[in-house]
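As the structure is a computational prediction, the values presented were derived from the model and not from experiment. Letters go in sequence order (proteins before strands), and every chain restarts at 1. The basis for the numbers below is simple: all heavy atoms, side chains too, and nothing from hydrogens, waters or symmetry mates.
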Number of protein chains: 2
Amino acid sequence: MPEHDAAATARMVEQEGCPIVEVLDHVAGKWAIGIIVAAAPGPVRFTELERAVDGISRRMLTLTLRRLERDGLLTRTVYPTVPPKVEYSLTDMACELHASLLELTSWAERHRMAIARARAAYDVAHSAAG
Amino acid sequence: MPEHDAAATARMVEQEGCPIVEVLDHVAGKWAIGIIVAAAPGPVRFTELERAVDGISRRMLTLTLRRLERDGLLTRTVYPTVPPKVEYSLTDMACELHASLLELTSWAERHRMAIARARAAYDVAHSAAG
DNA sequence: CAGAATCCTCGCCGATACTG
DNA sequence: CAGTATCGGCGAGGATTCTG
């Protein structure tokens with residue numbers, strides 16, 4: 001049983017919706033970004049995502065997929081075959097999001113070196129001096 | 001004492017830089033987005049940020065500011081007056097990021113209702129049925 | 001293949017109190 | 001005004017094991 005707070009959920013629907021900070025936390029969360037970007041080209045299977053996202057554990061992949069599905073960003077399609085086959089696709093809502101997320105990962109890729117250097121500089125400055 | 005793992009930091013600088021997932025986790029983290037967006041128009045003071053970011057505690061504001069400064073996204077300027085005055089500004093690197101983050105918050109704003117509804121729907125579907 | 005279940009650890013994060 | 005210090009709960013998240 002997930003047992004999410006039903007009262008809180010009802011309040012959200014009747015009022016103004018989900019708090020922005022919570023939306024962003026889900027949608028731009030540590031693993032969600034990679035998953036959405038990886039799922040954008042088309043239906044993707046569980047194991048493909050596991051390889052694509054890099055560093056994610058099976059557990060966190062499952063949990064994040066469930067949360068994204070609950071938020072209406074992913075659709076989950078089960079094919080009752082042996083072995084089982086499950087495909088994840090972005091909803092229209094998530095497709096709209098995809099471009100921004102791509103920009104984000106592109107930015108991260110371009111600046112990862114600069115960030116590493118900034119950190120090292122900060123660390124020496126704040127260990128030697130007070 | 002921050003005591004970050006110096007060996008790991010050195011490895012990052014010499015090799016390919018900071019892992020993307022970690023960059024994204026910092027830059028698009030729960031509070032970082034709001035802070036960067038709020039600081040984009042120009043130098044912002046601590047208390048302005050505290051009011052702007054909505055829901056953030058003084059502690060998390062401080063910690064997130066420090067982390068963003070360490071990553072080279074914010075510059076912190078202290079004016080030795082009484083009472084003290086501290087201003088935070090985005091670095092060029094962070095300015096580049098700002099546009100993407102704005103798109104993100106805009107998306108979140110537009111879809112918060114839909115997300116709340118999706119959740120409610122998911123919850124009833126997965127409590128009644130198996 | 002695509003998970004569910006369990007255990008355990010670590011860091012986020014709020015609450016509170018104190019300071020230059 | 002702009003922090004720092006400390007405590008404590010709770011959830012993120014890895015490792016491992018089991019399953020239809």
Q | Any donor-acceptor N or O pair under 3.5 Å, side chains Arg110(B), Ser106(B) | A |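 Short answer, yes.
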Q: Report the residue (Arg59(A) or Arg59(B)) whose heavy-atom-nearest nucleotide on DNA chain C is the more 5′ of the two.
A: Arg59(A)
Q.
Reading DNA chain C from 5' onward, which residue's closest nucleotide shows up sooner: Glu48(A) or Asp25(A)?
A. Glu48(A)
How many Å lie between [atom1] on [X] and [atom2] on [N], as a whole number?
X	N	atom1	atom2	value
Leu74(B)	dA2(D)	CG	P	15 Å
Glu50(A)	dA15(D)	CD	P	12 Å
Ile56(B)	dA15(C)	CD1	C1'	15 Å
Tyr79(A)	dG3(C)	OH	C1'	18 Å
Lys30(B)	dG11(D)	NZ	P	11 Å

From C-beta outward on [X], which listed nucleotide comes closest to its side chain: [options]?
X	options	answer
Met60(B)	dC13(C), dG3(C), dA2(D)	dC13(C)
Val86(A)	dA2(C), dC12(C), dA2(D)	dA2(C)
Thr47(B)	dA2(D), dT6(C), dC12(C)	dA2(D)
Trp31(B)	dC7(C), dG14(C), dG3(D)	dG14(C)
Phe46(B)	dG3(D), dA2(C), dC13(C)	dG3(D)
Tyr88(B)	dT6(D), dG3(D), dC1(C)	dG3(D)
Pro83(A)	dA15(D), dA2(D), dC1(C)	dC1(C)

Q) Using the C1' atoms of the five pairs at each end, what is the angle between the end axes of the helix from dC1(C)-dG20(D) to dG20(C)-dC1(D), to 10°? A) 60°
Just to confirm, is there a sub-4.0 Å distance from OP1 or OP2 of [N] to any side-chain nitrogen or oxygen of [X]?
X	N	value
Arg76(A)	dG3(C)	yes
Arg66(B)	dT4(D)	yes
Ser57(B)	dC13(C)	no
Thr62(B)	dG3(D)	no
Arg45(A)	dA2(C)	yes

Q. How is Gly29(A) classified with respect to the nucleic acid when contacts are heavy atoms under 4.0 Å: base, sugar-phosphate, or nothing?
A. nothing
(Q) Side-chain heavy atoms nearer than 4.5 Å, only ILVMFWY residues, links allowed to pass through others: does that put Met113(B) and Val27(A) together? (A) no
Q) With the 4.5 Å side-chain cut-off for hydrophobic clustering, are Val82(A) and Tyr79(A) part of the same group? A) no
Q: Please test Leu104(A) against Leu101(B) for side-chain contact (heavy atoms from CB on, under 4.5 Å), starting from the C-alpha separation and ending with a verdict.
A: CA-CA 8 Å; Leu104(A) 224 58; Leu101(B) 259 32; 3.5 Å; yes
Q) Is the shortest side-chain N to carboxylate O distance from Arg119(A) to Glu22(B) below 4.0 Å? A)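 Yes, Arg119(A) and Glu22(B) are salt-bridged.
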Q.
Between the side chains of Arg112(B) and Glu109(B), is the shortest nitrogen-to-carboxylate-oxygen separation below 4.0 Å, so that they form an ion pair?
A.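 Answer for the salt bridge query: yes.
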Q: Would you mind reporting whether Leu61(B) and Leu49(B) have side-chain heavy atoms less than 4.5 Å apart?
A: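 Yes, their side chains come closer than 4.5 Å.
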